[in-house]
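Step one of this worksheet: look at the structure below.
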Amino acid sequence: MLKKSSQSKSSELDSVFIVAGIDFGTTCSGFAFANKKDLDKTTTPILNDYINWRDQPFPFPKTSTSILYDQEGNVKKWGWSADKYKSSHSGDYYVNKIKLYLDEELLPTLPNPRKFLPPGKIVVDVIADYLKKLLEVLMDELREKYGNDVSIENILFCLTVPAMWSDRAKHSMRVAAEKAGMVQSRYSQRLILVLEPEAAAYYIMNYSPRKIGLEPNDRLMVVDAGGGTADLIVHRLKRSGNLEEVCRGSGESCGSTFVDDEMYSWLKKKLGPVWKRMEKDNVSLMEYFNEPWQKIKLSFRGDMDDDSFDIPAKLSNTYMTSEDRARLNGGDEIVITESDVRSFFHNSVVKIKKLIRDLLDECGGKIEKCILVGGFGSSQYLLNCIKKDFGSCFDQILRTEEPGSAILKGAVLCGLDPFFIQARRCALSYGIEAIAKVSSWKLGIIPSKKKKPGLFIPIAEKGELIEASQYKEKGIFRPAKPNQTVLPIKIYSINERKAEFKRVHKDGFSYHGKICVNMPDVGRGIDRPVMVRMYLGQPDIKVVAINVNTGEEYSTTFNPFASLEDLQNNGSSQYNYSSSDSMDRTLISRSSHPNLHMASLRTELTQEKSLYTRASQPNLRHISQMSQGDSGYGNSIASNRNSRSNKVGMTRSGVTSYPGSGALVNNRSSDYQNQMLPSKRYSQQSNKSRSRHKEPEITCYKVAHKYEPQKADEMRLHVGDIVTVDQSWDDGWAYGKNLSSKDQGIFPLDYLIKLPPTSNYHYHHHSQNNSIQNNMNSANPNGSYIQSC
């Protein structure tokens, strides 16, 4: 029987009456909004966008994603104004296309951000600064339209993200939104992430001037081709009028900005020594050629007469010699042909066609509709190429009539009705680590009835269809020791199906963090059951642990940079797993939702975390800054903050809630010591058990760009270095060790690329390596006795 979760007594959404969609794009960004008070069940929402941007070259619902800093790192101009004035402010820092740096696969091919970022700024800081400026314009517009009483607390923010993004990139956007002042916590109920192709699908299905006319059970492929990424997703229209995901979306960084890059590479070769002189003076080609190129790009359909770029007299007089002028038709123009333009488009078009082909193969069979959205999606040449190659695979291939605002307005609609996308496919297999009884041959484990530690217990499998209004739950978990006072629930994922009982430290798993459940009633022994639920039907993945005896609930949202300290110090979990059939539990149905047009998946079971930043570390030469959590946890969080110390020589005088782990733990030192110390049964063997403990394999990262320390506690990074992240802070910095140079210190996270699971390294200090290996030889093969974590 499906059970509904009880609703929380109070919610951040109680005061919300405005829903704002914010699209932070690679080349252009903007917002749209709607007022819930204007909404009537018999009418469609009034969707408002904004087109009065300062210094805009033409009316458009977005402004340039550019920002101009002075030498002290203060914002001078942003948007179209930054593009206009960038060349007149020598010594300033002009930043654009910063969104590309959140794509880990693309990161090694991009310029080192240290070349153009102000001192002390990292990627997430720049995004936060830009969002803050966007927020100022939004608030001015709302107050002008609805009165000066409108405040931040009255707004639900729907922030769009590419479907292809990793959890790490999505988390960075949440951190940036928090830094920008949109919400007090990145896990606020007033901040939801909306997948860009889903927003486009919602708008096209219901509010586009030209509706596409799907019938029940028809399938729709959305190709969201923007400035930076191309995102594809396929949905099926259900009889209820909702959409469900047919197969998991895919994407790649191959948007129109890469077409621009191809053109500028060609132009540099044409200019030859002229470009080298311009480069020495730090002169940008965009300053002279961007406007004529954009006209050619937007009008290109696949055939064209030869065209030309006029060479401005200023450029010719300053940087051209007589030999250059003779080579370039007198120095007046540069001829561009049809084959040249085709070559600029080639790589991006080929990648997009491959994404379409792969998705068609995965879905199987013909798909009724395909629609192109986004800035690059408005290209007639791209549309023609897709029709030529895939005309027989779709009944109809269209492009939206509103490429600039479809995603903006669709994000607002997703905030008004979060259950329109009724079901989504699970991107990975998710579960937790536990001790389990294995009584049959599974994955090479010797069959026995003994308990095996460190095994993966899946809660949802990759590709599984998860209802947006449901959670997944599997089995009952109990403490492994009768005297445990804290039960840590460690959360893992793996990019494959059928991973039950695999070893989480060996088989390519990713660790996301943990929830710690307080269990002070040791009189019950191990008879203290805990249920674990996962909410996987929304873009954000949420985990809830429930102490069955007390009814206490603990929750967190995944942080891809959760602290790995517990993994380095402990190899296995500390609780038993009792198997039972997997169950779907309904959170709340769409029809019974009291605020049907509001996103409320986070209105319950949420206990906010405090903001942990580098600045909260007292031994890192920074002033302590800390946000209080929800009522009931403020004292614990304050105690945690005071007990935190620098990772170097760290001593723990009380309970620490590590950033990103989502752990809410008891702050009594006695409970903490009970958790950390072995029981009396093993006290005489504590030294042996500790020496026998096998260090787990941990995730490592490769350095994509060189980083020079700016402060005394920072660590130098060289391209290709391998580092481990021991502890991360939510302002984008981390503490870790450089396995290549043997150094340790602070460094920015956005310089790192996560290595694939097969490339993980074992972390050992060289001085301890031999002793560890020797101790491992005498270790208990069954691994029955587990150190507390």
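Heavy atoms only: backbone and side chains are in, while hydrogens, waters and symmetry mates are out. Just so we're clear, the structure is a prediction, and the values are computed from it rather than from any experiment.
Judged by distance alone, the side chain of Arg424 and the main-chain N or O of Gly537 form a donor-acceptor pair under 3.5 Å. A side-chain donor-acceptor contact under 3.5 Å links Ser188 to the backbone of Arg190. For Thr724 (side chain) and Cys700 (main-chain N/O), no donor-acceptor pair under 3.5 Å exists by modelled atom type. At distances below 3.5 Å, at least one donor-acceptor pair connects side-chain atoms of Glu12 with backbone N or O atoms of Gln189. The backbone N or O of Lys754 sits less than 3.5 Å from a side-chain atom of Glu104, completing a donor-acceptor pair. Here the side chain of Asn154 pairs no donor or acceptor atom with the backbone of Val16 at under 3.5 angstrom.
Remark: Ile546 CD1 to Phe477 CZ distance equals 12.5 Å, nearest 0.5 Å. With rounding to the nearest 0.5 angstrom, the CD atom of Glu433 is 10.0 Å from the CZ atom of Arg503. Atom CG of residue Leu195 and atom CH2 of residue Trp165 lie 11.0 Å apart, to the nearest 0.5 angstrom. To the nearest 0.5 Å, atom CD1 of residue Ile459 and atom CG of residue Leu536 are 8.0 Å apart. Distance check, rounded to the nearest 0.5 Å: CZ of Arg174 to OG of Ser185 gives 8.5 Å. Taking CD1 of Ile421 as the start and SG of Cys414 as the end, the distance is 6.0 Å to the nearest 0.5 Å.
Between Tyr187 and Glu178, the side chains place no donor N or O within less than 3.5 Å of an acceptor N or O (distance only, hydrogens not considered). Side-chain polar atoms of Glu552 and Tyr554 form a donor-acceptor pair below 3.5 angstrom. If you check the side chains of Glu467 and Ser469, you find no donor sitting under 3.5 Å from an acceptor.
Contact record, Leu156 with Leu191: CD1-N, 4.3 Å, taken as the closest heavy-atom pair. The shortest non-hydrogen separation linking Ala128 to Ala176 is CB-O, 3.5 Å. When all heavy atoms of Asp750 and Val124 are compared, the closest pair comes out as OD2-N, 4.0 Å. Closest of all the heavy-atom pairs between Ile494 and Gly508 is CG1-O, 3.9 Å. Residues Pro479 and Leu487 share a closest heavy-atom pair of CA-CD1, 3.7 Å. Nearest heavy-atom pair across Ser493 and Leu428 is OG-CD1, 3.6 Å.
You'll find the side chain of Leu752 reaches within 4.5 Å of the side chain of Arg168, heavy atoms only. Considering only heavy atoms from C-beta on, Met182 comes within 4.5 Å of Leu131 through its side chain. Residues Val522 and Pro482 form no side-chain contact, since every pair of their non-hydrogen atoms from C-beta on lies 4.5 Å or further apart. Taking the side chain as every heavy atom from C-beta outward, Met531 and Arg533 approach each other to under 4.5 Å. At least one side-chain heavy atom of Ile127 sits under 4.5 Å from a side-chain heavy atom of Leu102. Proximity of Ile489 to Val517: side-chain heavy atoms (C-beta onward) are separated by under 4.5 Å at one or more points. By the 4.5 Å heavy-atom criterion applied to side chains, Met519 and Gln484 are not counted as neighbours. With contacts defined as side-chain heavy-atom distances shorter than 4.5 Å, the pair Ile491/Tyr511 does not qualify.
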| query | What do the steps show when you test Lys542 against Met534 for side-chain contact (heavy atoms from CB on, under 4.5 Å), and what is the final call? | reply | CA-CA 6 Å; Lys542 181 178 176 182; Met534 285 192 177; over 6 Å; no
| Between Ile515 and Ser555, is a side-chain contact (heavy atoms from CB on, under 4.5 Å) present by the stated rule, with each step listed? | CA-CA 7 Å; Ile515 304 176; Ser555 67; 5.5 Å; no
| task | Evaluate the criterion side-chain contact (heavy atoms from CB on, under 4.5 Å) for residue pair Arg186 and Val175; output intermediate values, then yes/no. | result | CA-CA 6 Å; Arg186 78 222 46 191; Val175 173; 3.5 Å; yes
| query | Yes or no on side-chain hydrogen bond (donor to acceptor under 3.5 Å, both in side chains) for Gln744 and Tyr735, after CA distance, side-chain angles and deciding distance? | reply | CA-CA 7 Å; Gln744 57 187 5; Tyr735 174 88; 3.1 Å; yes
| message | Does Arg425 form a salt bridge (charged side-chain N to carboxylate O under 4.0 Å, His left out) with Glu464? I'd like the steps, not just the answer. | response | CA-CA 5 Å; Arg425 297 284 172 181; Glu464 186 176 352; over 6 Å; no
| task | Apply the test side-chain contact (heavy atoms from CB on, under 4.5 Å) to residues Asn495 and Lys462: give CA-CA distance (whole Å), side-chain angles for both, the deciding distance (0.1 Å), then the verdict. | result | CA-CA 7 Å; Asn495 190 23; Lys462 177 181 178 181; 2.8 Å; yes
| Where do Glu496 and Ser429 land on the side-chain hydrogen bond (donor to acceptor under 3.5 Å, both in side chains) test, with the steps shown first? | CA-CA 6 Å; Glu496 61 180 70; Ser429 292; over 6 Å; no
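Taking the six-membered ring wherever Trp is involved, the centroid distance between the rings of Phe509 and Phe456 falls below 6.0 Å.
Residue Tyr535 forms a side-chain contact (heavy atoms from CB on, under 4.5 Å) with just one option from Ile541, Val544, Val543, and that option is Val544.
Between Tyr492 and His505, the ring planes are perpendicular. Angles over 60° get that label, and only those under 30° would be called parallel.
Remark: Arg497 engages no residue in a salt bridge (charged side-chain N to carboxylate O under 4.0 Å, His left out) (not counting sequence neighbours). For Asn549, the side chain to side chain contact (heavy atoms under 4.5 Å, CB included) partners two or more places apart in sequence, or in a different chain, are Arg524, Arg528, Pro529, Asn547.
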